[in-house]
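Not measured: the values here are computed from a predicted model. In the text below, chain A, chain B and the rest are named by the order of the sequence lines, each starting its count at 1. As a basis for the values below, the full set of heavy atoms in this structure was taken, side chains included, without hydrogen atoms, waters or symmetry mates.
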Number of protein chains: 2
Amino acid sequence: MRVTIKTLAKALNLSTATVSKALNDSYEISNDTKQRVKALARELHYVPDLNASSLRSGRSKTIAVIIPEVADSFFSQAINGIESVAQEKGYHVLFYLTHESLAKEQAILQDFQSGRVDGVLISVTAETHNAAHIKALESKKIPVVFFDRICDEMETAKIITDDYESGYKATQHLIDCGCRQIALLSISENLSISNQRMEGYKKALADNQLPFNAANIIYCANDESYNFCLIKNLMVQANRPDGIIATVEKLSGSIYFVCRELHLQIPTQVKVIGFSNLQSAWLLNPPLTTITQPAFNMGKAAAVALFKALNKKNYSPKNEILVIPSSLEIRNSTVI
Amino acid sequence: MRVTIKTLAKALNLSTATVSKALNDSYEISNDTKQRVKALARELHYVPDLNASSLRSGRSKTIAVIIPEVADSFFSQAINGIESVAQEKGYHVLFYLTHESLAKEQAILQDFQSGRVDGVLISVTAETHNAAHIKALESKKIPVVFFDRICDEMETAKIITDDYESGYKATQHLIDCGCRQIALLSISENLSISNQRMEGYKKALADNQLPFNAANIIYCANDESYNFCLIKNLMVQANRPDGIIATVEKLSGSIYFVCRELHLQIPTQVKVIGFSNLQSAWLLNPPLTTITQPAFNMGKAAAVALFKALNKKNYSPKNEILVIPSSLEIRNSTVI
DNA sequence: ATGAAAGCGCTAACAG
DNA sequence: CTGTTAGCGCTTTCAT
């Protein structure tokens, strides 16, 4: 037979109410009783039924993490950060991948109406240009915290890195290295991170009296071979770029592949810089200059912000943006 | 007010039982009624309360995935595979990292006594040498399926790759390339994958009349700088190995770093082969020869096996081992 | 400090 | 085919 609160109550000649309160450390219960209850609970390997407790209390001790992809070290590190905080707080983490599909993102959030989670951490898809489905959670008092890929229109906590500055720094670095025609690989026109990085790029061009050329902005898709073609087309032109910035991790690899196929030498013929957290950046051929994002800490900070909201009465996270800076790590894909 | 089954029942002049059955497509309910119930449910945005339903039915539509790490592309790809089938089946995935700590693994499994999950997918830690904590789930009728890092003593479904053969193939390849003194980097003496890979290694040595030298087996830890030292010590010796096999992904990088520091040329002075799923293997300097594991498919297969068990009456997965082969991908870290 | 009782929202057994 | 009834295990007033 299963050990429930009733079992304990009967064995100790107490009511279930008392046992419940004792287990939850209620101030109403005497220390002595608490000890006895807890001792027996341990002895009989009592485990509280989560479903019963959630049903009654409305809290599930579970949060959800929704991200576009995981075969990407930025998100790997970020969920590491999230998991570390959740584990410490005794919370459980539900894990969802959208594969950049807005429809999936909506379906996943829809399911959260069911009381499955107490809070949500999300990095939206490249397709997400309005936040109606996310706002729906607010009415359910489920706090949402964004990290990295945020939605501007939501008033909640957001953890980002300094995307504008990073775009600027990356561009300026290439210019300093002698580039005059710099391509920017992006993934979305709606994503704030993409726009911010591009604005930084534009500003750096302007500050250096270089013209902005729309043809140098390449919107990549969620399809490697398609991206490969796009980049190849870019690089076979006579007036091909002499510098490329990959604003998301997976695109750096594609650039390397294209250059290898076209026998373009990095960094002599084209310089490359990637927004990337790959451990192996150092080991690439040539080592990749990166904008390295504080992925682990961003995940951690997002989780911390969410738990702060969960511990408040009114459940709504502060509407504030936390910026954790990225760093430029110069390696041999931009300098010899 | 919240829309519950009662709301629907009242509005349609039905009992809650009928509504519940209609929503669950019970054969007892007329098509007409089903239509009406579902239509209203949609209209009022009814969302079933998961906790109530789980409490009553004993099923949570949730599975757990427990892995040692995620900053590792093997596990990234594996959870991708898992998530893809879970999403398709309408299941939710709880995600846990053990960081190679047995104590954490035990604590996590202990929590599953609470009815939180219907089934478990696990790849055990390097420390896990007995399965008492895992067996405890059997008594709760919670099926467990292993993938990659299995526990031999458990009688359940296990998804692995051909570790023995891979160890053999890797070793034979190095021998074919002229290596005579081959080091093997391992992470555990208990882990079946490690032992299998080592057995393959030994067999290949024997088949080629090469002596087995215990000093060539290096047990690495869960600490990068420590591993770096171990490998460095190995490679500064006069009679240092002329070939190295990294049996887990993260160790390949360490080897490259050591070789760079010691100015050892790969592959001329030492040849390297890694068990790895890094997309970037091609892009390393030099490109890394790998044993590439079918990570995504292993994750997928594990999930499929688990769902098969979940759909059975008796809840116990077939005691069978599914082997999905790895492949040797030869690149320039072993041949010029 | 402890207990009685009500009920969270849903499902399953049994009647009709 | 539909409804009645009875809880799942727990938490939470409200009494005592």
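The nearest heavy atom of DNA chain D to A/Ser20 and to A/Glu28 marks one nucleotide each, and the one closer to the 5' end goes with A/Ser20. When each of A/Tyr27 and B/Asn24 is assigned the nucleotide of DNA chain C bearing its nearest heavy atom, the one mapping closer to the 5' terminus is A/Tyr27.
Under 4.0 angstrom from either OP1 or OP2 of C/dA12 there lies at least one side-chain N or O belonging to B/Arg59. Checking the phosphate oxygens (OP1, OP2) of D/dG3, a side-chain nitrogen or oxygen of B/Ser15 falls inside 4.0 Å. For C/dT11, the OP1/OP2 oxygens have no side-chain nitrogen or oxygen of B/Ser57 closer than 4.0 Å. Between C/dC10 and B/Thr16, no contact under 4.0 Å exists linking OP1 or OP2 to a side-chain N or O.
At the heavy-atom level, B/Thr18 lies under 4.0 Å from base atoms of the strands shown.
Between A/Thr98 and A/Ser101, the side chains place no donor N or O within less than 3.5 Å of an acceptor N or O (distance only, hydrogens not considered). A donor-acceptor contact under 3.5 angstrom links the side chains of A/Asp118 and A/Ser60, judged on distance only. For the residue pair A/Thr156 and A/Asn319, no side-chain donor N or O sits within less than 3.5 Å of a side-chain acceptor on the partner. A donor-acceptor pair shorter than 3.5 Å cannot be found between the side chains of A/His133 and A/Gln110.
Here the P atom of nucleotide C/dG7 and the CZ atom of B/Arg2 are 17 Å apart, to the nearest Å. Protein atom CD1 of A/Ile5 is 15 Å distant from nucleotide atom P of C/dA4, rounded to whole Å. The distance from atom CG of B/Leu55 to atom P of C/dT11 is 11 Å, rounded to the nearest whole Å. What separates NZ of B/Lys61 from P of C/dC10 is a distance of 16 Å, to the nearest Å. Remark: P of C/dA1 and CG of A/Asp25 are 13 Å apart, rounded to the nearest angstrom. For the pair B/Lys6 NZ and D/dT5 P, the interatomic distance rounds to 14 Å; values are reported in whole Å. Rounded to a whole Å, the CG atom of B/Leu23 is 15 Å from the P atom of C/dG9. Here C/dG3 presents its C1' atom at 15 Å from NZ of A/Lys10, a figure rounded to the nearest Å.
Closest to the B/Arg56 side chain, of the nucleotides C/dC14, D/dT12, C/dG9, is C/dG9. With C/dG3, C/dC14, C/dG9 as the choices, the nucleotide that has an atom nearest any side-chain atom of B/Lys21 turns out to be C/dC14.
Side-chain atoms of A/Arg149 and A/Ile67, non-hydrogen and from C-beta on, never get closer than 4.5 Å to each other.
Ring-plane geometry between B/Phe112 and B/Tyr96 is classed as perpendicular, the angle between the planes exceeding 60 degrees on a 0 to 90 degree scale with a lower cut at 30.
Residues from residues 30-54 of chain A placing a heavy atom under 4.0 Å of any atom in DNA chain C, listed by number, are A/Ser30, A/Thr33.
Shown here for B/Lys135 and B/Met154, the closest heavy-atom pair between the two residues is CG-SD, 3.4 Å.
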